[in-house]
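Everything quoted here is computed from the prediction, not taken from an experiment. Every number for a ligand or one of its atoms is a count from 1 in the order of the listing.
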Amino acid sequence: MSSGLLLCLVSCLAATNQAMLIKRCFLAKVLHEEEVEGLEGYTLNDWLCLASVESNFNASKVNENADGSFDYGIFQINSHYWCNDFRSHSENICHMDCQDLLSPSLLSSISCAKKIVSKAGGMRNWVRWRLHCAGHPLSYWLTGCHLE
Ligand SMILES: *[C@@H]1O[C@H](CO)[C@@H](O)[C@H](O)[C@H]1NC(C)=O
């Protein structure tokens with residue numbers, strides 16, 4: 001194989017992966033448009049921190065849990081409670097196919113996450129948010145982002 005082709009293989013594959021990486025300020029803009037601010041008292045910074053600690057802004061992230069359930073998308077939403085992935089029991093509280101949570105439009109993820117936030121515990125339902133975002137200074141998450 002020529003080194004040129006090898007280079008393309010490596011960089012083209014990287015490009016495919018990166019297509020699902022969401023830019024921080026783009027996410028801020030979409031969240032702002034979807035009016036998450038103030039919902040249950042959480043700020044845009046809380047939401048950005050959540051996406052960072054859960055998926056590192058990877059909208060296509062899927063992770064298998066020890067109990068056989070899976071976490072999907074930018075907010076790592078769990079199939080046991082929130083969406084149906086047709087491979088394990090699900091309460092499917094968000095009434096959606098887990099695959100929808102991998103869409104780069106992010107709209108299904110945001111809509112389901114809003115529902116989770118509105119439940120008892122709010123963002124504390126995400127262990128990583130509780131550990132890494134709650135009570136931490138978060139204002140820098142919006143640095144350089146121009147909403148509107
Ligand atoms: C995003 O998540 C997918 C699925 O878990 C993974 O295959 C891919 O490597 C991740 N991309 C990056 C850039 O981390």
A.B. asks: Please confirm whether the backbone N or O of Glu54 pairs with a side-chain atom of Lys61, one donor and one acceptor, at under 3.5 Å?
C.D. replies: yes
A.B. asks: Please could you name the atoms of ligand 1 that Leu21 approaches to less than 4.0 Å, counting only its heavy atoms?
C.D. replies: 13 (C)
A.B. asks: Does Lys29 NZ have over 12 foreign heavy atoms under 6.0 Å away?
C.D. replies: no
A.B. asks: Quick test of your reading of the structure: of Asp71, Asn58, Val62, whose heavy atom lies closest to atom 10 (C) of ligand 1?
C.D. replies: Asn58
A.B. asks: A quick test of your reading: do over 12 heavy atoms of other residues, nucleotides or ligands sit less than 6.0 Å from OH of Tyr42?
C.D. replies: yes
A.B. asks: When you look for heavy atoms under 4.0 Å from ligand 1, do you find them on the side chain of Asn56, its backbone, both, or neither?
C.D. replies: neither
A.B. asks: Below 4.0 angstrom from a heavy atom of Lys61, which ligand 1 atoms are there? Numbered from 1 as shown, please.
C.D. replies: 2 (O), 4 (C), 5 (O)
A.B. asks: Mark yes when over 12 heavy atoms from residues, nucleotides or ligands other than His89 sit less than 6.0 Å from its NE2; otherwise mark no.
C.D. replies: yes
